Every structure is written in structure tokens, then in C-alpha cells.
Trainee: 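Got a structure for you, questions after.
Just so it is clear: chains get the letters A, B, ... in the order the sequence lines come, proteins before strands, and each one is counted from 1. From a predicted model like this one, the values you see are computed outputs, not experimental measurements.
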Amino acid sequence: MLDTTSLRKNLKIIIDGDPWIVVDCQFVKPGKGQAFTRTRLKNLVSGQTMDKTYKSGEKIGEQARIDECNMVFLYEQGGSYTFMDNNTYEQVELSAAQVGDALNFMTENMNVEVDFYNGMPIAITLPNFVELEIIETEPAVRGDTVSGATKPARLSTGYSVNVPLFITSGEAIVVDTRTGEYVERVKK
Amino acid sequence: MKPAAPQRPACFSNRVLALIELRDSILDAIRAFFRANGYCEVTTPLLVHCPGLDRHVEALPAGNGQFLATSPELHMKRLVCRGAPRIFQISPAFRADEQGAQHTREFLMLEWYRTGSGYREMMQETEELLRHVTGCCSLMPAGLSFPVPRITVDQLYERSAGWQPTRHWDEDRYFRDWAATVEPYLQTQPALIVHDFPAALAALSRISTENVRICERFELFLNGLEICNAYSELTDPDEHRVRFDQAARCRAAMGRPPYEADEPFLQAVASGMPACAGNALGLDRLIMALTGASHISDVHLFPEDLQPSP
């Protein structure tokens with residue numbers, strides 16, 4: 001049984017028989033009072049979220065045994081996302097809610113990790129860094145050399161990131177999927 | 001003739017240098033404020049025999065039966081007992097097991113004591129300090145205005161949790177509601193002074209003479225961030241002994257090793273402690289509030305050193 005000292009973002013635990021992932025956790029300690037950890041949890045099967053506050057030292061649940069499998073994202077159809085095991089060619093489907101924020105950075109033929117709980121696909125994890133094409137951004141203004149200045153750019157997935165001024169439409173960039181931030185330009 | 005002081009660069013370009021300048025200007029403004037108000041700056045030991053009596057604060061052992069100070073409170077009060085009328089201190093404080101967006105195990109604390117005053121005067125002075133520092137450093141958080149609105153703990157809980165803690169004391173419910181609804185409400189308020197805490201949470205504050213269920217204690221919150229904790233200080237020697245005993249029993253009940261009572265402190269109080277008010281203010285958090293930082297490591301010069309080694 002895990003207690004609050006194990007709580008951290010992305011921890012997967014079993015509560016009342018269901019697998020949950022910690023999407024946010026905050027240490028709270030009122031003056032002259034006991035410490036708490038305030039968490040937001042997401043049910044890995046239903047996608048439902050709940051807020052739960054734990055007293056420091058309280059038991060939180062068993063660590064979830066999650067099997068991970070490398071798969072490739074094939075296509076989306078009617079809000080359902082199909083992935084294929086590279087070795088067995090077995091295919092599985094996940095809902096948009098299960099794919100979650102990964103939708104912002106996932107393109108067809110991308111290699112991802114699919115999490116299985118009791119043989120059921122429940123969530124995916126993207127590589128930390130992915131290459132994505134920019135489909136729309138304002139052209140750089142000549143002479144604008146302020147270092148660190150950025151502009152918004154729309155990715156082929158529809159997601160918008162801030163990029164340095166020298167980046168142009170049609171270029172590919174590397175994005176950190178954990179933070180959603182620009183990392184570097186892909187060298188041609 | 002003294003050589004001219006080298007001029008400070010007007011504007012730093014990188015984060016660390018900007019933070020050095022910011023922290024320096026805030027500390028400078030704080031020292032100027034206290035000097036102008038007749039305070040002396042003091043330094044008290046960081047290695048202590050008794051780390052205090054807050055049962056929810058764990059001290060870091062420092063060897064030889066000593067601990068790293070969790071706050072300079074007890075030593076500064078000994079100076080007050082010896083006749084120091086107005087003192088302040090800026091010093092590191094250490095607390096085990098506290099780590100998060102608003103907590104670090106080592107942090108910088110501003111603590112001050114003024115004799116002949118109670119917590120009402122201390123509220124006033126805290127606002128003046130805040131006004132002075134925001135003015136000197138040209139840092140005015142959005143929505144902050146003076147005077148800072150005030151609310152009692154009962155009013156606060158009535159509106160965010162639907163009950164009055166000083167009328168129906170329930171410690172477990174109090175802190176659960178704090179984490180669940182009260183603190184989220186405080187986060188919607190740019191600035192709020194919360195005062196008149198339940199007597200059970202008096203620590204070393206004086207119980208109100210008008211209502212025995214409340215203690216003369218207040219905390220200042222900026223955007224939900226607890227900035228300081230202040231009291232009309234308890235001065236009665238017998239009541240001090242009672243509170244130390246209570247704290248020791250609570251620690252024992254929680255299965256934690258007891259801290260020995262601070263005899264030099266208790267003797268100092270027994271020799272006569274003048275009426276006074278004291279305040280302890282977390283400087284890293286104040287800097288967070290003034291700059292809008294969301295994580296305490298954002299205002300640290302060495303954020304990479306804050307995490308304990310695995």
C-alpha cells in the first residue's frame with residue numbers, strides 16, 4: 001500500500017479497484033496545522049476526474065500494474081484512435097478522452113507507448129520529443145533581432161506553440177510533449 | 001577618504017542576475033523600513049536545543065542533540081525578555097518534510113517583535129511594511145490595495161465551508177476544509193488578513209480577554225499564499241509551561257520523539273516578559289507574491305539545490 005510520500009504527477013494507483021493517474025498534486029500546509037496533499041486524479045478507464053485531499057502519511061492505494069507496449073498510431077475514425085503493435089500487428093482502439101492531451105502532438109505513423117491495465121488499453125504516452133510540421137506562422141520581420149522574442153505557430157495537429165521569430169511555415173520543429181514547448185528547429 | 005562605491009549595473013540581462021538585484025532591493029527596503037521605525041537587527045543561533053513547540057513542524061537534527069532552527073522565535077523572545085524593545089531578524093529557517101510549490105526545507109524568514117503592542121498594531125505595521133516594500137521596489141501585485149481587507153476565521157469558514165470553527169471546534173474537519181475549500185477561496189483574493197483563530201491553534205499567542213474561544217493571531221494571505229503569521233504574544237509564565245506540556249503530549253500521541261522544553265526560554269519568560277507583538281514572514285513567499293511566481297523555486301538563486309537527494 002502506498003502512502004502520500006509516493007504521490008507525484010503521473011503516478012498510477014488503484015483506488016477501489018479502478019486504475020487512476022495523478023494529473024496534479026500540491027503540498028498544502030496551513031500555518032500551525034497538519035500537512036496535506038491535494039490531488040487531481042483521472043480514472044484511466046472512464047476518463048472521469050476527481051479531486052482528493054490526503055492527510056500526510058495517509059494510505060492512497062496500491063500501485064497500479066500497468067503493462068506498456070510500443071505501438072504505432074495508424075488513424076483516427078469517428079473519434080476513435082487505432083494503434084498497431086509493431087510485432088504482432090494486433091490493433092487496438094482508444095477514445096479521444098483516453099488519448100487525452102497527446103492529441104496535441106500525435107500524427108499518423110508516430111511510435112507511441114500504449115498502457116494496458118488487465119489487458120485493456122487505457123492510455124498512451126508519447127515520446128518526450130516529437131517532430132512536427134508548422135502549417136501557419138507569421139513571416140519573420142527583417143531587422144527584428146530581439147533575442148528571446150517569440151511568435152505563435154500552428155502545428156499540423158492544430159495545436160499552437162510559441163516559436164522563435166526565424167521559424168517559417170512549412171518547417172519542422174521539435175516539441176517537448178511533456179511541457180508542450182518548442183525545443184529546436186529540425187535540421188534539413 | 002573612502003573610495004567611491006562601484007556603481008551597480010542598472011539592468012541585468014539574465015535571470016539569476018535579475019533575481020540577485022530583486023532580492024537585494026527587497027531586503028534593502030525591509031531593513032530601511034525597520035531602521036526608520038526604531039528596530040535593531042539581531043542574529044540568533046541556527047543550532048538550537050529546542051526547535052519550538054509546533055506539533056506539525058518537524059525539525060532537522062543537527063547532531064549533538066541539537067536541531068537546525070525552525071524559526072528564531074524562542075531566542076528572539078529571550079532578547080525581548082532582557083529588555084530589547086524592538087528587534088528584527090532576517091535568517092534561514094529549516095523544516096523537514098516540507099517540499100512543494102510553496103515550501104522548501106530551507107527558507108528565508110523575516111521575524112520581528114515590538115513591545116507595548118498587540119496584534120492590531122502589528123496588522124497595521126505589516127500593511128505599512130508591505131506598502132513600503134511594494135513602493136520601493138515598484139512591484140505592485142494586481143489587485144493589491146490598502147488598507148488590506150480583514151476577515152475573521154469564523155467569517156472565512158462560514159462563507160467557504162458553512163460552519164464556525166471557534167463555536168464548534170473540530171481540528172480534523174478544520175484542516176480538511178482548509179485544504180478543500182478555504183485555501184481555494186483565499187486564492188481568489190489578492191490580499192486578505194485572516195484573524196482571530198480558534199484558541200486550540202494559539203501556539204504561543206494570547207487568548208483574547210473578550211472571547212476565550214479565540215486567540216489574538218493573524219495571517220496575511222496574498223493570492224492565497226500565506227505570507228506571515230503574527231500574534232499578541234503570550235507573556236504568562238505558567239501558561240507557557242502548560243502549552244509546552246500540551247505540545248509534548250501531542251507529539252508523543254503522534255508517535256514522534258519529544259522535544260525537551262526550552263528551559264532558558266521558560267526562565268526568561270518567568271523573569272518577566274513585556275506585552276509585545278511578534279510576526280514571522282516568509283521572505284521567499286513574499287518575493288513570489290510580488291513577482292507573481294507560481295513556484296518557490298522560481299525566486300531561488302539555486303533552484304537545482306532545493307530537491308533533497310533521492
Trainee: Examine whether an atom of Arg176(B) lies under 4.5 Å from a heavy atom of chain A, and if so say whether it belongs to the side chain, the backbone or both; otherwise answer neither.
Mentor: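 Its backbone and side chain both get close to chain A.
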Trainee: Run the numbers on Glu171(B) and Arg55(B) for salt bridge (charged side-chain N to carboxylate O under 4.0 Å, His left out), then give the verdict.
Mentor: CA-CA 13 Å; Glu171(B) 181 162 329; Arg55(B) 62 186 186 272; 2.9 Å; yes
Trainee: So for Ala179(B), is it side chain, backbone, both, or neither that comes closer than 4.5 Å to the heavy atoms of chain A?
Mentor: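 The answer is both parts of Ala179(B).
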Trainee: Whether Arg213(B) engages the ring of Trp169(B) as a cation-pi pair (distance to the six-membered ring centre under 6.0 angstrom, angle to the ring normal within 45°) should be assessed.
Mentor: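 Not flagged: Arg213(B) not positioned over aromatic ring of Trp169(B).
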Trainee: Given heavy-atom pairs under 4.5 angstrom as the criterion, report whether the side chain, backbone, both or neither of Glu226(B) touches chain A.
Mentor: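 Glu226(B) touches chain A through side-chain heavy atoms alone.
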Trainee: Taking the side chain as every heavy atom from C-beta outward, state whether Tyr231(B) and Cys215(B) have any pair of such atoms under 4.5 Å apart.
Mentor: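 Side chain of Tyr231(B) against side chain of Cys215(B), heavy atoms only: no contact under 4.5 Å found.
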Trainee: With Arg178(A) as the cation and Phe129(A) as the aromatic partner, state whether NZ or CZ is under 6.0 Å from the six-membered ring centre and within 45° of the axis.
Mentor: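 The answer is yes; both the distance and angle limits are met.
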